[in-house]
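Written below as structure tokens is the structure these notes are about.
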Amino acid sequence: MRGLHRFLTELQSAASPEAEDACVRRELAHIRAKLQTSPKLDGYQRRKYLAKLVFMHIQGYRVDVGLIEAVSLTASLRDSEKQMGYLALMLLYERSDMRAPVINVLRRDLASLRDSHTCLALHALASMGTLEMAEELGESVLKLLVSATSSPAVVRKAALTLLHLLRKDPNCVDVWEWLDRIAPLIQSRDYGVAQSVVALVTELAGTSPDACAICYLPAVEQLHHIVTMQPQEERDLYHQVPLPWLQVKLLSLLQRLPRPNDAHVKALLQQCLQQLLQSEPLQRPTADVQETHARYAVHFEAVHLAMYLDTTSILVARAAVHLGRLLRSEHINVRYIALETMTQLAHTLATLDPIRMHLDTIVQTLRDQDTSVCRRALDLLYALCEEANVRRIVACLLDYMPEAEASLRQDMARKVSLLVELYAGDSTWYIDTTLALLDMAGDRVGDTLWSRIAQTVTNRPKVQAYAAARLLPYLRHAVCHETLVKLGTYVLSEFGYLVADQPGAEPAVQFELLHRHAYYCSPVTRSMLLSTYAKWYTQYPSLSPMLASVLRQSRGVFDMEIHQRACEYTALMELHAQGVMNMDEIFDTLPPFPSQDLKPDDLGPGLFRLSKRFSTVPMVATVPRGEARRPTRADEARRRLPPILPPMSPTELPTDTVPFQPQPNDDCSDLLELSSISVRPISGTPRDEKIQTPWAISGDNTVASPDGPLLGQALAPALAEAVVSEEELSRLSLGDDSSSSHDQAMVLMPSTPTMVHESSSEKITYEIQARGPRVLVQVHVQNVDEAATLVVRDVQVTSPVRARVLGTVSSVVVEPGHSVNYTLELLCTSCFLGDTELMLTLAHTSTAVLIRLPVTMAHFMEPYVLCKKAFFEQWHTMGTQLETQSVFAVQPRTGNEYEAVMTATGLAVLAGIDPRPESLVTAGVLAPQGMSATCLVRFEPHATANVARLTVRASDERLARVMHQHLVSQLECPISSTISLYRD
């Protein structure tokens, strides 16, 4: 067809998609005109035009003509024209008004005596068969299938077409009456016919297996013939494997039919399975991958059939042993299917010994490079778990969890949590395992797991002290999952006093370990922390002033739950102090959880059920909670408990705690966080242990750039960790309310009024009065016009900070020569760049004035005191990706002056971090609601050169940039020769 060739050539030579679209539209208009104006087109022209329309349709263009010509072309006696007609009919059949002509065409060719015409009609019906076509033509297709005069090609297509119609409408034809005629076709020596009929019977067996039982014997005999007779014709072999796809279909069909009772059928089937389950052909090396895949496909399907027939047979046990050997196969698909089949065996076998012998191999497969194989190995290990091997399997899963992919880690954490609950006969092992799981995957397990641990600890008094002691090492980590914090909040509030007399578990340490994570927790967890502090208020008198201060300051938090709890607990403390009520009676030990609160399906073997010997009143309830604060009674109560934590030397005591006391007579100085008490992370490193290469030290003891000394000086060996003095520790334990000059500098930042807007009629200045978690800014609007009044209204802050105007917020009339002051309270809600924008409207000019207040994230910083080890852990965790560094000229100042600048910026000066005495290391934290960002600063001045290097690392890149800019503006010498070497 030269016209079609020219059309395709023109499309290929199109220079652009627009040119191609124009060509298609032009040709489509030409075809439409020809079909409408020339009704007597010959077969060649119709075939040519339909070929073009089919090509356009395949390319995605909308074709709305040619269906009538396709129907008329199917009546042609020429095979080429009929084929093109059916091809166009299958692709262009969309209009419902052509149903009757199309059905008539199909019915006519289904009754044709020419097999080519009948096959074309069957193929078209299977491709575009609708529900109406199934009802109209289903009987005709069934007759072609069971007719003795139908050729094998027609029978093959009729079986597949009938399968398509039955999926459209299972009641389109009564095929069950013809099963006695269809079943013998399974034994046809035309294996194409047999394969098509087996697919049809398999679909029927899924609907009614008993009705298809007549097909069992033909299927077994056909399988026996293929397996034992070994057809040698070339067309019956696929890479030296006889008819693998027909074998797979027959084995799948036998799994859907009822198990046989005839001895002859059983004998034939047993002989087939013995032949198919031989491992010698699979172990024979071959270079043909297709042959290997074909043999494995038949072998695995035979294993499934043997499992279906009898799980206790010797064939199944032998297959299980052989599947374990396939786990070492070099083919990923083979390992995957072997693991999947072994998992099914593990759920069906009476004994797991054949699979358990490959446990080491399965554990190694867990570290496979393919994630899908690892997932199947995880499923198999979960299925193999029982009381005898659960500890080994759980240990393997926990060992692999840190290096597993994120997509697999969540499923692994869920399975481990289910296993430890299902087989947790030993409560101590259960607690150790679940704590390790929460430490590694706390963000991937829900609240159900930690609440289960809390129920277990509450219901078993013998492990309460053990659980409290085991939680402390996890809470000492610099970064702790919130789930662990929730568990620690509950367990330490209820049973922390059982270990309060042991070294490293004192009440002050318990408070420090919990409160240090408050910045990183959600409002729900911080609300739980407030409840814990309220319980500790009467239990630990030495902490009462500090706990009361935290609860009072939490009354200004915006979160409703935290605010309500803080107000209620503060009121309870006041009533307790007045002697009106006793808080010990309110915050008594919780009773054990009733067993009916747990689902019966989730109960472990005795661990989550109340023991018959267990009283409904917990053992610790015999000692009032208030008695825990008396050393003599506490010692008597714990005398029966063995030591849980090893004794610690005085040099190992965790004394890295420095309190920051609130401002006097200011209970609401912290509106977002409980930051009035800043704590240092507890270090687990003894004093005599050296921290090697805290910065970036090379092999010759010189610091590698850019973390080394400014002018190439060598860094001395790192000193031991700085330990807080006993005076500071006593301040924490005694709740000293005195505020140091450092704290005063953190909260108050006196400044002079600064001009931000000036015109002929008004002048606007601002003054920052306080900084920290909340920033107070006073905006001064002065009317300088001597003739007209000034009306100020709609004062609002448009920036990422939350703000409110204290006092008058409505329209204010300012007389000539007078002024008005607005006090803004700013609260940081997220990290942001730039300054704060203040919008106010001046009515006399009907203009809105936009003022940029230089209030950045730096004004919301709070001091964050860290020990040496915790500082370097966070420093190296942030890395250079979150770093901003520069070298610039500085004004000659003393060390105390530099410290004053850092302190005024809201940073805590850390001593003993850098061995160079002139260097300053500071840290601060930005704690907006719902998140927290840490900032670490290293300032290295050089006195003789009057230059300094400033390195700022933060957990948020924006915070690092803002703090770097702010500190450079405070420390830089006002000259133009500043050297900036930024590395972001």
Please, which pairs that meet salt bridge (charged side-chain N to carboxylate O under 4.0 Å, His left out) have at least one residue in residues 328-337, sequence neighbours excluded?
-> Arg335-Asp368
With Glu301 via salt bridge (Lys or Arg N to Asp or Glu O under 4.0 Å) - residues at least two apart = none
Pairs where residues 134-144 contributes a residue and the test side chain to side chain donor-acceptor pair (under 3.5 Å) is met, not counting sequence neighbours | Arg107-Glu136
Of all pairs that satisfy salt bridge (charged side-chain N to carboxylate O under 4.0 Å, His left out), the ones with a partner from residues 172-190, not counting sequence neighbours = Arg156-Asp190
Write out all pairs satisfying salt bridge (charged side-chain N to carboxylate O under 4.0 Å, His left out) with one or both partners inside residues 7-19, taking only residues at least two apart or from two chains.
-> Glu10-Arg26
Residue list, salt bridge (Lys or Arg N to Asp or Glu O under 4.0 Å) with Arg375, at least two apart or on another chain | Asp411
Does a side-chain N-to-carboxylate-O contact under 4.0 Å join Glu405 and Arg409?
-> no
Can you pull the salt bridge (charged side-chain N to carboxylate O under 4.0 Å, His left out) pairs that have at least one residue in residues 113-129, sequence neighbours excluded?
-> Asp79-Arg114
Please list, chain by chain and in numerical order, all residues satisfying ring pair (Phe, Tyr, Trp, His ring centres under 6.0 Å) with Trp245, sequence neighbours excluded.
-> Tyr238
Could you name each residue pair satisfying ring pair (Phe, Tyr, Trp, His ring centres under 6.0 Å) that touches residues 326-356, not counting sequence neighbours?
-> His293-His331
Partners meeting salt bridge (Lys or Arg N to Asp or Glu O under 4.0 Å) with Arg376 (sequence neighbours left out) = Asp379
With sequence neighbours left out, the residues meeting ring pair (Phe, Tyr, Trp, His ring centres under 6.0 Å) with Tyr308 are none
Residues 260-273, side-chain donor-acceptor partners within the protein, below 3.5 Å, at least two apart:
unit_1 : atom_1 : unit_2 : atom_2 : d
Asp262 : OD2    : His264 : N      : 2.9
Asp262 : OD2    : Val265 : N      : 3.1
Gln271 : OE1    : His224 : NE2    : 3.2

